[in-house]
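Some notes on the structure that comes next.
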Amino acid sequence: SDALESGANLVAAVVALRALEVAGRPADGDHAYGHTKAEYFSSGFEGALVLVAALVIAATAIQRLVTPVPLERLGMGLAVSLVASVINFFVAGTLIRAAREYESIALEADAQHLMADVWTSVGVLGGVGLVGLTGWSVLDPLVAILVSLNLTRVGISLLRRSMLGLLDTAVPTKVLNEIHRVLGSHEDSGIHFHALRTRSSGARRFMSVHVLVPGDWSVQKGHDLLERIEAELRTAVPRLTVFTHLEPVEDPLAWDDVHLDRTPRESDYASD
């Protein structure tokens with residue numbers, strides 16, 4: 001089971017590398033918003049691999065429970081597993097730091113997968129070590145079942161995050177609070193905001209907002225305000241793409257929902 005999980009890691013790492021290459025491509029005519037969502041396919045594939053490995057491990061373990069098999073060459077097996085787990089631990093740590101720096105879900109998924117493999121190896125070392133000490137061969141499949149349950153948890157988590165990313169989930173609360181802070185700093189002199197919408201796409205963030213200003217403002221004055229707000233938002237939130245829409249505050253439709261929306265209402269979409 002430990003070897004199968006490590007094999008899944010290798011395949012997933014190759015897929016993640018390819019996904020990162022695609023995600024790093026610049027926007028083009030067919031993908032005006034870039035290719036960053038390729039990372040979600042990688043993490044989803046990794047989650048599926050983990051689940052398949054968990055099912056195969058569980059099936060093999062149940063078979064071993066029904067038909068026990070004596071273990072051989074435990075020393076060699078434990079030594080290889082120990083070395084692999086130490087290497088995986090340091091690689092997972094490096095990937096986690098890189099994932100945080102670049103906000104990459106593909107790197108984060110690979111790091112979580114490797115760290116799950118580390119804990120898997122710890123369980124294997126303990127379980128198989130106890131078999132060697134006690135002679136109770138039933139411990140081997142029992143530990144394998146525990147390993148499969150842990151892998152199932154990791155696989156489901158990776159699949160869930162990937163699906164949420166593909167469904168254009170809103171930016172994290174911490175990022176949303178920064179956006180509200182910047183917009184709130186301009187809420188004076190008759191300036192208001194509404195219809196705020198956000199979404200994440202890999203390491204990139206997208207937002208749109210309606211900016212309500214006095215109707216007697218010149219086009220130039222409104223434009224300068226939007227440029228200033230967009231620049232402040234991009235400074236506060238890295239890798240953010242901002243879309244703004246200017247409206248006169250006297251418009252009765254604009255006053256239908258004049259606040260910083262956390263959850264857009266159906267009327268917001270109708271007024272667009």
Side-chain angles (χ1 to χ4, degrees), residues 1-25 35-61 63-64 71-129 140-141 143-163 165-166 202-203:
S1 66
D2 202 16
L4 181 60
E5 169 61 359
S6 295
N9 274 332
L10 178 60
V11 175
V14 172
V15 173
L17 177 61
R18 178 57 180 163
L20 289 171
E21 291 175 349
V22 174
R25 294 176 182 173
H35 301 77
T36 49
K37 282 195 175 182
E39 292 197 40
Y40 293 116
F41 291 101
S42 169
S43 59
F45 177 76
E46 189 148 5
L49 273 182
V50 173
L51 285 178
V52 170
L55 291 174
V56 173
I57 291 169
T60 304
Q63 183 180 356
R64 286 291 182 91
L71 301 182
E72 299 177 356
R73 303 181 65 184
L74 290 182
M76 176 64 72
L78 290 176
V80 171
S81 185
L82 177 61
V83 172
S85 63
V86 171
I87 293 173
N88 285 338
F89 177 79
F90 287 104
V91 174
T94 301
L95 285 175
I96 288 174
R97 289 191 294 273
R100 289 172 180 170
E101 180 180 354
Y102 298 107
E103 300 185 57
S104 168
I105 189 174
L107 290 177
E108 183 181 344
D110 213 29
Q112 289 186 8
H113 192 174
L114 276 177
M115 194 56 74
D117 196 20
V118 171
W119 291 114
T120 296
S121 298
V122 170
V124 169
L125 290 169
V128 177
D140 180 41
V143 169
I145 290 175
L146 292 177
V147 166
S148 69
L149 292 176
N150 181 54
L151 292 179
T152 300
R153 177 187 63 81
V154 173
I156 291 175
S157 175
L158 291 176
L159 282 174
R160 178 178 178 276
R161 287 200 59 191
S162 301
M163 288 187 291
L166 290 172

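Everything numeric here is computed off the predicted structure, so don't read it as measured data.
Between Val118 and Phe89, the closest heavy-atom pair is CG2-N, 3.5 Å. Ser148 and Ala58 get closest at one heavy-atom pair: OG-CB, 3.7 Å. Heavy atoms only, all atoms of each residue included: Ser162 and Gly44 are closest at OG-N, 2.9 Å. Heavy-atom minimum distance, Ile57 versus Ala144: CG2-O, 3.3 Å. Counting all heavy atoms, side chain and backbone alike, Arg25 lies closest to His35 at O-ND1, 3.4 Å. Residues Val50 and Gly155 come closest through the heavy atom pair CG1-N, 3.7 Å.
Using a distance-only test at 3.5 Å, with no hydrogens or angles considered, a donor-acceptor pair links the side chain of Thr94 to the main chain of Phe90. Looking at Ser157, its side chain never comes within 3.5 Å of a backbone N or O of Val154 through a donor-acceptor pair. In this structure, the side chain of Glu108 does not engage the main chain of Ala99 through any donor-acceptor pair within 3.5 Å.
To the nearest 0.5 Å, the span separating CG on Asn88 from CG on Leu95 amounts to 10.0 Å. Atom CZ of Arg100 and atom CG of Leu107 lie 12.5 Å apart (nearest 0.5 Å). For the atom pair CG (Leu149) and CD1 (Ile145), the distance works out to 7.5 Å, reported to the nearest 0.5 Å. With values rounded to the nearest 0.5 angstrom, Leu158 atom CG is found 9.5 Å from Arg153 atom CZ. The line from CG of Leu20 to OG of Ser42 is 6.5 Å long, rounded to the nearest 0.5 Å. The distance from atom CD1 of Ile96 to atom CE of Met115, rounded to the nearest 0.5 Å, is 4.5 Å.
Inter-residue side-chain proximity for Val15 and Glu46 is flagged as unmet; no heavy-atom pair is nearer than 4.5 Å. Phe45 is listed as a side-chain neighbour of Val11, based on a closest heavy-atom distance under 4.5 Å. Contact of the Leu51 side chain with the Leu151 side chain is not registered, since no non-hydrogen atoms from C-beta on lie closer than 4.5 Å.
Within 6.0 Å of the CD atom in Glu21, the count of heavy atoms belonging to other residues, nucleotides or ligands exceeds 12.
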* **Residues Arg18, Val22; criterion side chain to side chain contact (heavy atoms under 4.5 Å, CB included); working and verdict** => CA-CA 6 Å; Arg18 178 57 180 163; Val22 174; 4.1 Å; yes
